[in-house]
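Heads up, the thing below is written out as structure tokens.
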Amino acid sequence: MTNRRLAATSVVVAIALSWPLGAQVARRSTVPAASPSAAAKTAALMPAPNPDALGFDPQRLDAYMAKAVGDGRVAGMITLLARHGQVVAEKSYGYKSLATNAPMTRDTIFRLYSMSKPVTGVAMMLLFEEGKWRLDDPITRFVPEFKDLKVMNWAGGDSPGTLEDMKRPPTMRQLMSHTAGFGYGLADRHPVDKLYREKRVLGADGLADMIKRTAEIPLMYQPGTRWSYSSAVDIQGYIVEKLSGQRFGDFLQERIFKPLKMTDTAFYVPREKAGRLASVYVGNPKTGKIEEALQLFGTPMPTYLEPPSMESGGGGLVGTITDYARFAQMLVNKGELDGVQLLSPASVEMMGTNMLPKEVLARGDGLPGQRFDDAIGFGLDFQVVTEPRVAGSLEGKGSMSWGGAAGTWFWVDPTNDVIFVGMIQRMGDTGGDSFAAMSRTLTYQALTRPER
């Protein structure tokens, strides 16, 4: 994927993409699958005994990221590539803690941050399949606290802005594609984002309190007219609670994590697993070296060793690369994993369909270095690639992806039946060249026989 689309950002989603294409797989074996249908008959994510059988040229697999770790750009990382449900390459580099020299291992637990969002999206689609909501339902049907929201009309600069009425309430479609108009508070340039910080929306005492605080802040724009990264997925977590009658974390555990055997994914790390949690680092511009991150957006870095006051569907989960690979494999399998049909194929297809209106695509909205256009859009809690070659990418059409603020990233490529998950723990820019372009390039330049 190109630097233009997925350059890491220093404040919001730092999609620090990379891939060391060397295999370090578990000591198990299985018969290689010749097709996705054949792979579905075997357990998911077993190691592939022969990458060539899956279309990959082993001579073209490159340990690109080893130098990045050696140069101190990141403390350590783990990456996993799979095709047709079999692991082609999995490798660990460096350390999960520089203070203890504890090595990075496949059971290391990472802060997923915004890679929590696709999980929340799947939770929403489970309820969609039960007929609990529809794409064009107004959010106010489920969150009446938002019925009197105003819209901030802001001209930019030092202008305080003026308030106007909503022309119509935001819809569920807009909520799940970040076009509803909510702020986030990760930056402080826009008056609405400043209010999110002042009211500590992301530090609320539970999801109901988060809704209450959000209802006191105007929207950034009229719903559906722009794309802006937002707290929309935390709002989705509240809606899951309301529609299911369960605590959000309990719903995720019962309906997603347990069926998919994601045994280490949760909103905190229990004490018996604390030693597996990777440390988080940040670059020091003065020294040019990384150091342990002590603050997050101006507040002390959470330990993730106790249940949080708010279960954040937008950024609160922790988990392992193995767990997230199982989640990604479910998506590329059209909702199924190891005999469990979590979602219907049509629901996964809907999540991976661009939901941004043409006028929003024409605006070029997005994150710095990651703008949407006719080739790249946004579905239901995922970025989607509609025309990869036009976008300058080698991945398959319809690929779905997102990343997290500490460098976790993934993509699901239904065209080539490929998943990729990568984990690092460094906030903001990783320094040097973009890992984003290299991860896709190294993957697909090695896929020399995609027909296999």
Side-chain angles (χ1 to χ4, degrees), residues 11-14 96 108-124 143 182-186 196-215 229-242 244-258 262-280 282 292-320 323-324 327 381 402-408 423 425 427:
V11 179
V12 295
V13 189
K96 62 185 172 186
T108 297
I109 297 173
F110 297 83
R111 298 157 180 82
L112 299 177
Y113 289 115
S114 286
M115 259 168 56
S116 306
K117 290 178 169 68
V119 177
T120 301
V122 167
M124 289 288 291
V143 191
F182 294 101
Y184 214 163
L186 302 185
Y196 269 74
R197 285 195 173 193
E198 290 174 10
K199 292 184 177 293
R200 299 189 67 250
V201 172
L202 297 183
D205 186 17
L207 291 173
D209 184 42
M210 180 271 298
I211 292 294
K212 179 182 177 182
R213 298 185 192 198
T214 304
Y229 204 42
S230 69
S231 65
V233 190
D234 290 300
I235 297 170
Q236 291 172 46
Y238 172 78
I239 292 174
V240 168
E241 284 197 341
K242 193 164 185 180
S244 68
Q246 292 180 268
R247 186 179 178 89
F248 184 44
D250 292 342
F251 183 92
L252 295 182
Q253 176 63 33
E254 178 184 322
R255 301 290 299 275
I256 299 177
F257 302 152
K258 185 176 180 179
M262 297 170 65
T263 56
D264 290 313
T265 305
F267 283 110
Y268 74 101
V269 181
R271 289 288 171 177
E272 63 271 19
K273 298 181 181 180
R276 293 164 53 192
L277 181 63
S279 299
V280 183
V282 65
E292 192 159 354
L294 301 178
Q295 289 194 328
L296 177 66
F297 307 124
T299 61
M301 180 70 72
T303 66
Y304 285 88
L305 298 178
E306 302 291 343
S309 59
M310 186 182 90
E311 295 180 333
S312 170
L317 289 174
V318 297
T320 61
D323 277 9
Y324 212 90
F327 175 75
D381 291 327
W402 205 238
T408 57
M423 303 285 194
Q425 295 282 263
M427 302 298 296

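Side chains included, hydrogens not; waters and symmetry mates left out as well; all remaining heavy atoms used. Owing to the predicted nature of the structure, the values given are computational and were not obtained by experimental measurement.
Here the OH atom belonging to Tyr238 is positioned 13.5 Å from the CZ atom belonging to Phe248, to the nearest 0.5 angstrom. Note that CD1 of Ile235 is 12.0 Å distant from OG1 of Thr120, once rounded to the nearest 0.5 Å. Interatomic distance, Gln236 CD to Leu207 CG, rounded to the nearest 0.5 Å: 12.0 Å. With rounding to the nearest 0.5 Å, the separation of CE in Met310 from CE in Met210 is 5.5 Å. Rounded to the nearest 0.5 Å, atoms NZ (Lys117) and CG (Leu317) are 10.5 Å apart. To the nearest 0.5 Å, the span separating OG1 on Thr265 from CD1 on Ile256 amounts to 10.5 Å.
For Phe182, the ring-ring contact (aromatic ring centres under 6.0 Å, His included) partners are Phe146, not counting sequence neighbours. Every residue meeting the side-chain contact (heavy atoms from CB on, under 4.5 Å) condition with Gln246, not counting sequence neighbours, appears here in chain and number order: Ser244, Asp250, Phe251, Glu254.
The heavy-atom pair separating Asp209 from Asp205 by the smallest distance is OD2-N, 2.9 Å. The two atoms that bring Leu252 and Ala123 nearest to each other are CD2-CB, 3.8 Å, heavy atoms only. Of all the heavy atoms in Thr303 and Arg111, the pair that sits closest is O-NH2, 4.1 Å. Nearest approach of Ala274 to Leu305, heavy atoms of both residues: CB-CD2, 3.8 Å. Taking both residues in full, the closest heavy atoms of Ala406 and Val280 are given as CB-CG1, 4.5 Å, listed atom of the first, atom of the second, then distance. Counting all heavy atoms, side chain and backbone alike, Trp402 lies closest to Pro118 at CB-CG, 4.4 Å.
Between the side chain of Lys199 and the backbone N or O of Ala204, no donor-acceptor pair lies under 3.5 Å. A donor-acceptor pair is defined here as one N or O able to donate and one able to accept, closer than 3.5 Å; such a pair exists between the side chain of Tyr324 and the backbone of Met115. Without hydrogens or angle criteria, Gln425 side chain to Ser279 main chain gives no donor-acceptor distance under 3.5 Å.
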### side chain to side chain contact (heavy atoms under 4.5 Å, CB included) assessment of Phe327 paired with Val122
CA-CA 10 Å; Phe327 175 75; Val122 167; 3.6 Å; yes
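Crowding of Lys212 atom NZ: a count of heavy atoms from other residues, nucleotides or ligands under 6.0 Å not exceeding 12.
For the pair Val201/Tyr184, no side-chain contact is recorded, criterion being any heavy-atom separation below 4.5 Å from C-beta on. Taking the side chain as every heavy atom from C-beta outward, Phe257 and Asp323 never approach each other to under 4.5 Å.
When only modelled atom types and interatomic distance are considered, Asp234 and Ser312 share a side-chain donor-acceptor pair under 3.5 Å. Under 3.5 Å, the side chains of Tyr229 and Ser114 contain a donor-acceptor pair of N or O atoms.
Between Arg276 and the options Asp264, Thr108, Thr320, a side chain to side chain donor-acceptor pair (under 3.5 Å) holds for only Asp264.
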